[in-house]
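Just below is one structure, and these are the notes that go with it.
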Amino acid sequence: QEQLVESGGGLVQAGETMRLSCEASGSTFNSYAMGWFRQAPGKGREFVATISTSGRGTLYADSLKGRFTITRDNARNTVYLQMNSLKPEDTAVYYCAASYRLRSTQREYVYWGQGTQVTVSS
């Protein structure tokens, strides 16, 4: 069983950068593909990015390619989401999640963190 804890959220101005972290407490972190999702106020949760077990494979939401980068450090049981040129529409609760396969669909993810709030002011 993996427990996932996100950190790094907060309030930033438009155009700034932020890095989110998600640390897993289980012993099998490197067996899971890891993903980031987000949920904006009044909207459903949407896919952001995912990374393979080795870190060599990644997928991104088309609208976020070029601004967001997902990486992982298996030695630290941690996955990161680097967010650049942030926009007010990036305001959301960001969740990390673990999956057995590299997928963008939520139902493929078996473990979820509690989320961290990201607020981008204009």
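Position 1 is the first residue of the sequence; numbering continues from there.
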NZ of K87 to CD of E89, rounded to nearest 0.5 Å, is 5.5 Å

Without hydrogens or angle criteria, can the side chains of Y94 and R38 be said to hold a donor-acceptor pair below 3.5 Å? yes

If only atom types and distance count, is the side chain of S54 paired as donor or acceptor with the main-chain N or O of R56 below 3.5 Å? yes

Shortest non-hydrogen contact from P41 to T91? CD-O, 3.9 Å

Determine whether a donor-acceptor pair (N or O, by modelled atom type, separation under 3.5 Å) exists between the side chain of S99 and the backbone of E108. yes

Could you tell me whether R76 and E23 make a salt bridge, using a distance below 4.0 angstrom between a side-chain N and a carboxylate O? no

Between T50 and Y109, do the side chains contain a donor N or O and an acceptor N or O under 3.5 Å apart? yes

Decide whether Y80 and Y95 are clustered together by the hydrophobic rule: side chain heavy atoms of Ile, Leu, Val, Met, Phe, Trp, Tyr closer than 4.5 Å, transitively. no

Any idea how F37 and W112 line up, ring-wise: parallel (<30°), tilted (30 to 60°), or perpendicular (>60°)? tilted

Is I70 linked to M18 within one hydrophobic cluster, defined over Ile, Leu, Val, Met, Phe, Trp and Tyr using a side-chain heavy-atom separation of less than 4.5 Å? yes

Counting only N and O atoms by type, is there a donor-acceptor contact under 3.5 Å from the side chain of E2 to the main-chain atoms of G26? yes

side-chain contact (heavy atoms from CB on, under 4.5 Å) evaluation trace for F47 with Q106: CA-CA 7 Å; F47 169 71; Q106 295 183 50; over 6 Å; no

Stepwise side-chain contact (heavy atoms from CB on, under 4.5 Å) test for T78 and F29: CA-CA 8 Å; T78 302; F29 175 76; 5.5 Å; no

Could you tell me the separation between the CZ atom of R19 and the OG atom of S7, rounded to the nearest 0.5 Å? 9.0 Å

Evaluate the criterion side-chain contact (heavy atoms from CB on, under 4.5 Å) for residue pair W36 and C22; output intermediate values, then yes/no. CA-CA 9 Å; W36 287 96; C22 172; 3.7 Å; yes

Result of checking T116, V79, L81 against E6 for side-chain contact (heavy atoms from CB on, under 4.5 Å): T116

Could you go through the side-chain contact (heavy atoms from CB on, under 4.5 Å) check for T53 and N30 one step at a time? CA-CA 5 Å; T53 55; N30 59 2; 5.6 Å; no

Evaluate the criterion ring pair (Phe, Tyr, Trp, His ring centres under 6.0 Å) for residue pair Y60 and F68; output intermediate values, then yes/no. CA-CA 8 Å; Y60 292 92; F68 288 18; 8.5 Å; no

In this structure, CE of M83 is separated from CG of L64 (nearest 0.5 Å) by 10.0 Å

With a 4.5 Å cut-off on side-chain heavy-atom distances among I, L, V, M, F, W and Y, is there a chain of contacts connecting M34 to Y100? yes

Would you say CD of Q114 has more than 12 non-hydrogen atoms from neighbouring residues, nucleotides or ligands within 6.0 angstrom? no

Looking only at the side chains, is there a donor atom on one of Q82 and T71 sitting less than 3.5 Å from an acceptor on the other? no

Heavy-atom count around Q3 CD within 6.0 Å, excluding the residue itself: above 12? no

Are Y111 and I51 grouped together when hydrophobic residues (ILVMFWY) are joined by side-chain heavy atoms under 4.5 angstrom apart? yes

